[in-house]
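Structure, as structure tokens:
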Number of protein chains: 2
Amino acid sequence: MFARISTSFAEFPGIFGESDPKGGAPIRVNLNEFSYKKGAEIFGEKEPADYVYQVATGAVRSYKLLSDGRRQIGAFHLVGDIFGLEIGTEHRFTAEAIIDTTVRLLKRRSLELVAESDAKVARNLLSMTTSNLRHAEDHMLLLGRKTSLERVAAFLIEMDHRSTAAGILALPMCRRDIADYLGLTLETVSRALSRLHDLGILNFIGNNQRQIVLRDRDKLASYDLQH
Amino acid sequence: MFARISTSFAEFPGIFGESDPKGGAPIRVNLNEFSYKKGAEIFGEKEPADYVYQVATGAVRSYKLLSDGRRQIGAFHLVGDIFGLEIGTEHRFTAEAIIDTTVRLLKRRSLELVAESDAKVARNLLSMTTSNLRHAEDHMLLLGRKTSLERVAAFLIEMDHRSTAAGILALPMCRRDIADYLGLTLETVSRALSRLHDLGILNFIGNNQRQIVLRDRDKLASYDLQH
DNA sequence: CGAGGGATTGACCGTAGTCAATGTGGGTGG
DNA sequence: CCACCCACATTGACTACGGTCAATCCCTCG
């Protein structure tokens with residue numbers, strides 16, 4: 001299911017912070033890279049959380065399933081994002097590669113060891129957990145109280161903020177993934193996107209339904225009520 | 001809006017952990033108690049987060065509002081629960097007393113100071129944030145993918161687990177609060193409770209619709225699909 | 001005893017879900 | 001190289017779950 005790419009000692013940006021400008025040696029730990037084919041599972045819910053992951057290339061979805069197959073995607077992880085960070089012993093989500101993906105991985109144990117002596121690393125762990133919490137809290141509001149159009153608008157705005165090419169979105173995920181992230185069906189997502197297109201708010205690039213140009217962000221934002 | 005009750009030096013259980021069995025002096029910090037009348041706001045979203053709170057008596061709801069008044073309650077805080085703990089500088093929820101409530105409060109600044117030198121306190125902060133995150137993640141699944149009956153069943157089970165008197169629930173919150181927690185309307189909550197009553201799963205104690213006896217937890221649990 | 005908040009229940013409505021048909025592009029194998 | 005297949009997306013028709021609106025009941029409190 002995965003291929004081992006390389007083993008190296010390298011930085012794992014985001015946890016250890018920026019390299020020390022005062023000349024201290026940057027922290028280096030044993031880092032592996034692994035590649036996963038589109039659709040491959042990176043780890044499963046309830047599995048022991050021995051590693052922390054960072055997306056090097058590709059994209060990842062984290063989700064929970066109900067016993068009858070209903071799925072809720074809790075987050076998408078794009079290049080640079082760290083995921084699979086658990087404080088308890090087991091993963092609370094299943095993580096899958098949305099497209100062919102390479103991740104860097106780091107033994108949780110070594111991270112904990114560093115955190116014990118380095119208050120800065122410990123604070124970074126807390127701040128990453130907090131930002132996950134903030135995202136989940138905002139997403140509860142979306143899932144509990146927003147209409148389908150508002151959800152899709154909020155999704156596009158979120159993706160726009162996270163994308164490097166401003167105004168142009170190259171979505172790695174299919175409509176079903178978006179739907180399971182927004183608590184909708186894929187048909188409803190499709191209809192909302194068509195509606196936003198008809199309203200002149202977005203265009204599709206060529207015939208690729210996953211490449212989107214945001215033509216009117218202000219109008220788009222007006223469908224994403226802020227709290 | 002609130003009345004000052006007392007000022008004292010006392011423990012704030014849950015952050016500093018159990019008192020040290022090895023005879024070390026228990027950590028003591030300046031602690032105030034405040035009381036809030038039913039419905040009173042304890043702090044508002046976007047306000048600076050200068051304090052951390054613990055429910056001494058009563059119950060609290062934390063919520064976000066959309067600009068048109070739609071409300072999503074993110075959590076209920078019962079006796080002993082800590083809330084209002086932010087890592088950033090401002091609150092991400094509004095907190096209100098559901099019934100007459102007394103809270104203990106602690107200056108965030110002093111907590112941070114203790115956390116800097118005491119790794120145990122720092123770890124407790126992380127573990128509390130993590131348990132908030134876990135709750136939010138589970139709630140996303142509920143809000144995104146569960147039916148109204150499943151949501152109400154899950155709510156009752158959650159309250160049952162948190163209540164001391166097993167099998168008997170004395171809910172402090174009204175139907176609207178429950179609805180805004182579950183992403184439903186109060187009518188839908190009421191209908192679901194009536195349905196569960198008709199199914200022989202619960203009874204109301206006397207004429208008080210907020211006191212509930214769980215008669216058949218297994219059947220109740222069967223409506224709350226686990227993931 | 002009256003007012004008012006909270007809960008239940010019924011009738012109806014509307015948003016999003018379901019089911020199904022059709023379109024389209026990319027990848028594969030003959 | 002091209003034909004076929006399959007995954008993905010769109011769109012339409014219909015359904016249904018939960019929302020809306022309204023009437024009624026009941027308890028608490030002043």
Side-chain angles (χ1 to χ4, degrees), chain A residues 37-39 59 61 66 68-72 96-100 142-153 155 169-198 202-212 223, chain B residues 37-39 61 66 68-72 98-100 142-153 155-156 169-198 202-212 223:
Chain A
K37 286 228 150 54
K38 174 180 175 178
R61 58 183 169 242
L66 292 175
D68 63 358
R70 280 173 284 172
R71 184 178 69 155
Q72 179 63 45
E96 275 176 7
I98 295 175
I99 52 180
D100 291 355
L142 178 148
L143 293 170
R145 288 297 178 222
K146 291 187 181 177
T147 66
S148 61
L149 200 60
E150 289 166 349
R151 294 181 199 206
V152 172
F155 169 74
L169 300 184
L171 303 175
M173 70 290 284
C174 65
R175 298 291 187 260
R176 169 168 294 282
D177 287 340
I178 299 173
D180 285 348
Y181 179 60
L182 299 178
L184 300 170
T185 60
L186 66 93
E187 291 94 334
T188 299
V189 170
S190 181
R191 279 184 245 269
L193 288 172
S194 297
R195 178 105 181 275
L196 292 171
H197 178 245
D198 292 347
L202 60 83
N203 274 357
F204 296 99
I205 299 182
N207 298 319
N208 187 334
Q209 295 108 328
R210 296 197 190 175
Q211 293 190 328
I212 293 175
Y223 288 100
Chain B
K37 286 230 149 53
K38 174 180 174 178
R61 58 183 169 244
L66 291 175
D68 61 359
R70 280 174 284 173
R71 184 177 70 157
Q72 179 62 44
I98 295 176
I99 52 180
D100 291 355
L142 178 147
L143 293 171
R145 288 298 177 221
K146 291 188 180 177
T147 67
S148 61
L149 200 60
E150 290 166 349
R151 295 181 199 206
V152 172
F155 169 74
L156 292 172
L169 299 184
L171 302 176
M173 70 291 284
C174 66
R175 298 292 188 261
R176 169 168 294 283
D177 287 340
I178 300 173
D180 286 347
Y181 179 59
L182 299 178
L184 300 170
T185 60
L186 65 95
E187 292 94 333
T188 299
V189 170
S190 181
R191 279 184 245 269
L193 288 171
S194 297
R195 179 106 181 274
L196 292 171
H197 178 246
D198 293 347
L202 60 83
N203 275 356
F204 296 99
I205 299 182
N207 298 320
N208 187 336
Q209 295 109 326
R210 297 198 190 174
Q211 292 190 329
I212 292 176
Y223 289 100

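Since we're looking at a predicted model, the values are computed, not measured. In what follows, chains are A, B, ... by sequence order, proteins preceding strands, each numbered from 1.
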When rounded to the nearest 0.5 angstrom, what distance separates [atom1] in [X] from [atom2] in [Y]?
{"X": "B:Ile99", "Y": "B:Arg61", "atom1": "CD1", "atom2": "CZ", "value": "10.5 Å"}
{"X": "A:Thr188", "Y": "A:Ile178", "atom1": "OG1", "atom2": "CD1", "value": "12.5 Å"}
{"X": "A:Gln209", "Y": "A:Ser194", "atom1": "CD", "atom2": "OG", "value": "9.5 Å"}

Margin query: Tell me which residues in residues 177-191 of chain A lie within less than 4.0 Å of DNA chain C, going by non-hydrogen atoms.
Written below: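 Those residues whose heavy atoms fall under 4.0 Å from DNA chain C, taken from residues 177-191 of chain A in numerical order, are A:Gly183, A:Leu184, A:Thr185, A:Glu187, A:Thr188, A:Arg191.
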Notebook entry, point to check: Hey, can you pull the residues of residues 202-212 of chain A with a non-hydrogen atom under 4.0 angstrom from DNA chain C?
Noted result: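 Hits under 4.0 Å, by residue number: A:Asn207.
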Any donor and acceptor pair, going by atom type alone, linking the side chain of [X] with main-chain N or O of [Y] inside 3.5 Å?
{"X": "B:Asp180", "Y": "B:Gln72", "value": "no"}
{"X": "A:Arg145", "Y": "B:Arg70", "value": "no"}
{"X": "A:Asp100", "Y": "A:Lys37", "value": "no"}
{"X": "B:Arg151", "Y": "B:Lys146", "value": "yes"}
{"X": "A:Arg195", "Y": "A:Ser190", "value": "no"}
{"X": "B:Arg191", "Y": "B:Leu186", "value": "no"}

If I take atom [atom1] in residue [X] and atom [atom2] in nucleotide [N], what distance separates them, rounded to the nearest angstrom?
{"X": "B:Leu149", "N": "D:dA16", "atom1": "CG", "atom2": "P", "value": "18 Å"}
{"X": "B:Leu142", "N": "D:dG18", "atom1": "CG", "atom2": "C1'", "value": "15 Å"}
{"X": "B:Arg145", "N": "D:dC17", "atom1": "CZ", "atom2": "P", "value": "16 Å"}
{"X": "A:Leu171", "N": "D:dA9", "atom1": "CG", "atom2": "C1'", "value": "13 Å"}
{"X": "A:Met173", "N": "D:dA9", "atom1": "CE", "atom2": "P", "value": "11 Å"}
{"X": "B:Lys146", "N": "D:dG18", "atom1": "NZ", "atom2": "P", "value": "14 Å"}
{"X": "A:His197", "N": "D:dT11", "atom1": "NE2", "atom2": "C1'", "value": "15 Å"}

Margin query: Reading DNA chain C in the 5' to 3' direction, which nucleotide is the first one with an atom under 4.0 Å from a heavy atom of chain B, and which is the last?
Written below: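 Both ends considered, the range comes out as C:dG6 to C:dA11.
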Margin query: When you compare the side chain of B:Leu156 with that of B:Leu196, does any pair of heavy atoms fall below 4.5 Å?
Written below: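 Side-chain contact under 4.5 Å: yes.
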Margin query: Can you tell me how the ring of B:Tyr181 sits relative to the ring of B:Phe155, calling it parallel under 30°, perpendicular over 60° and tilted otherwise?
Written below: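 Rings of B:Tyr181 and B:Phe155: perpendicular, as their planes differ by over 60°.
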